[in-house]
Q: 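One structure is given below, represented as structure tokens, and several questions about it will come after.
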Number of protein chains: 2
Amino acid sequence: MKIPDRTVERVILYRRRLRTLHAAGQVRIYSHELAGVEGVTPAQVRRDLMTIGYTGSPAKGYEVAGLIAKIDETLNPHQDEGVVLVGVGRLGKAFLAYFAGQANHLPVVAAFDVDPEKAGRLVHGCRCHGLDELETVLAERSVRVAFLTVPGDAAQEVADRLVRAGIRGLVNLAPIRLRVPPEVYVEYLDITVSLEKVAFFARRDARAAARSS
Amino acid sequence: MKIPDRTVERVILYRRRLRTLHAAGQVRIYSHELAGVEGVTPAQVRRDLMTIGYTGSPAKGYEVAGLIAKIDETLNPHQDEGVVLVGVGRLGKAFLAYFAGQANHLPVVAAFDVDPEKAGRLVHGCRCHGLDELETVLAERSVRVAFLTVPGDAAQEVADRLVRAGIRGLVNLAPIRLRVPPEVYVEYLDITVSLEKVAFFARRDARAAARSS
DNA sequence: AGATGTGAAATTCTTCACAGCG
DNA sequence: CGCTGTGAAGAATTTCACATCT
């Protein structure tokens, strides 16, 4: 059962929306409603839900709670999975603050920074370690995903260490492409690339189509 | 002459790499070299360069300087284009600091925040205004692109104002999909979505394939 | 009537493979 | 040769359109 990249992205968006609707008491939803708020087509929603194997009914649409549960079990079969963040600079701190503000099911369980000054401190509720403790801490907790917010010239080196320490997925904020083994998945959030891309499309055609990331 | 989204992303990456190489004195480059460092195939590189209309020579490859110039004229025909940032919270400040550190050809010419306390201040070299001045400042300078780093519950409202004030492209960091007219291009940098996506792909197949954003 | 589920078409994007040139 | 440029094939993704159900 293989789920394409794009579908995973959209399904995550659906879930976020569904949680809000569920909290607001909505019980059922039609594909065109979900499509409307998320900026995709109803056919796309139906195809996506078909891909993850969820079935609604023509009369009633999809059950909000059931769909959330289905997405959860499809996307997050593991419980209590944690992530780490490496690079407690301005950007890293901003993200720690952001994550601290929401009860995520992917909590940041530890942060690391080269600056030994930061070791031992709590940054927005997250324990900060020196980079030298990286392997030790990762060996204790089984963490598969890391958030990389170090400067560009340190990113490759840190990524290598993370991969050696067993990390299998990276969210890379540094403005470089990482060389990693094929079994490691990397998601690039490249701010300047995004900015330049938007600057390009802001003139000319300008389609409403919009990708998540 | 229409350039697909994905191609634009990659071409921006090529340019960044080419600038480094150019600064290091490299004069020519083959598709497979460029492909290697950016994690794409040589055929992809050639196709992309064909798309933007740049031609190399089988014997010598591509001229680094000439290719940079071609990309510049393709992607940034306008000179002195500036962007604004809205939302000078932790995340906004982090980005302002990041942008201040590099001589970009897309300088952040102004920042805005609801907090009137911040108005008038310089944040990492960028003038900060109250949100109420948004229309005035945008009317003075012709800015087409905005960086949106406000909390999710304010994002739609701010986006509406930005669009009304003439903004045609948005980089949205808030965790919601924006409703904008079709002529406005939005790029979403959704951190939690990225994280959850990586967490999903970190197990199972785990292809090396990696997208920029 | 108005939804879903889904083959099949359409579209978009990537890779192949090879002619041709220096 | 080894590389570029590119038609054509191949893959992946999205959309259409309609049978079907209530």
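For the numbers below, each heavy atom of this structure counts, side chains included, while hydrogens, waters and symmetry mates do not. In what follows, every chain begins at residue 1, and chains take the letters A, B, ... in the order their sequences are listed. Keep in mind the model is a prediction, meaning the values are calculated, not measured.
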Q: Between A:Ile52 (CD1) and C:dG5 (C1'), how many Å, whole number?
A: 14 Å
Q: Out of C:dT4, D:dT4, C:dT15, which has the shortest distance to the side chain of B:Thr41?
A: C:dT15
Q: Atom NZ of A:Lys60 and atom C1' of D:dT22: how far apart are they, to the nearest Å?
A: 10 Å
Q: Less than 4.0 angstrom from a charged side-chain N to a carboxylate O is my criterion; do B:Glu135 and B:Arg161 meet it?
A: yes
Q: Contact class for A:Ser31 vs. all strands (heavy atom < 4.0 Å): base, sugar-phosphate, or nothing?
A: sugar-phosphate
Q: Does A:Ala59 or A:Leu49 map to a spot on DNA chain C nearer the 5' end, using the closest nucleotide for each?
A: A:Ala59
Q: Send over the distance from A:Tyr62 OH to C:dG2 C1', rounded to a whole Å.
A: 13 Å
Q: Can you tell me if the side-chain N/O atoms of A:Gln44 get under 4.0 Å from OP1 or OP2 in D:dT13?
A: no
Q: Salt bridge between B:Lys197 and A:Glu187, side-chain N to carboxylate O under 4.0 Å?
A: yes
Q: Is B:Arg10 close enough to C:dT14 that one of its side-chain N or O atoms is under 4.0 Å from OP1 or OP2 there?
A: yes
Q: Distance check needed: C:dG2 P versus A:Arg46 CZ, whole Å only.
A: 15 Å
Q: Rounded to the nearest angstrom, tell me the gap between atom CD1 in A:Ile3 and atom P in D:dT13.
A: 12 Å
Q: Hey, is the side chain of B:Arg47 pairing donor to acceptor with the base of C:dT15 inside 3.5 Å?
A: yes
Q: C:dG5 phosphate, OP1 or OP2: any side-chain N/O from A:Thr55 under 4.0 angstrom?
A: yes
Q: Please give, in whole Å, the distance from C:dG5 C1' to A:His32 NE2?
A: 16 Å
Q: Would you classify B:Pro4 as touching base, sugar-phosphate or nothing, given that sugar-phosphate means primed atoms plus P, OP1 and OP2, and contacts are heavy atoms under 4.0 Å?
A: sugar-phosphate
Q: May I ask you to say whether B:Glu38 pairs ionically with B:Arg17, meaning some side-chain N is under 4.0 Å from a carboxylate O?
A: yes
Q: Can you tell me which residue among B:Phe99, B:Tyr98, B:Phe112 is in a ring-ring contact (aromatic ring centres under 6.0 Å, His included) with B:Phe147?
A: B:Phe99
Q: Mind calculating the distance between CG (A:Asp48) and P (D:dA12) to the nearest angstrom?
A: 17 Å
Q: Just to confirm, is there a sub-4.0 Å distance from OP1 or OP2 of D:dT4 to any side-chain nitrogen or oxygen of B:Ser57?
A: no
Q: Can the positive tip of B:Arg177 be found less than 6.0 Å from the middle of the six-membered ring of B:Tyr188, inside 45° of the ring normal?
A: yes
Q: Measure the distance from CE on B:Met50 to C1' on C:dA17 and round it to the nearest whole Å.
A: 15 Å
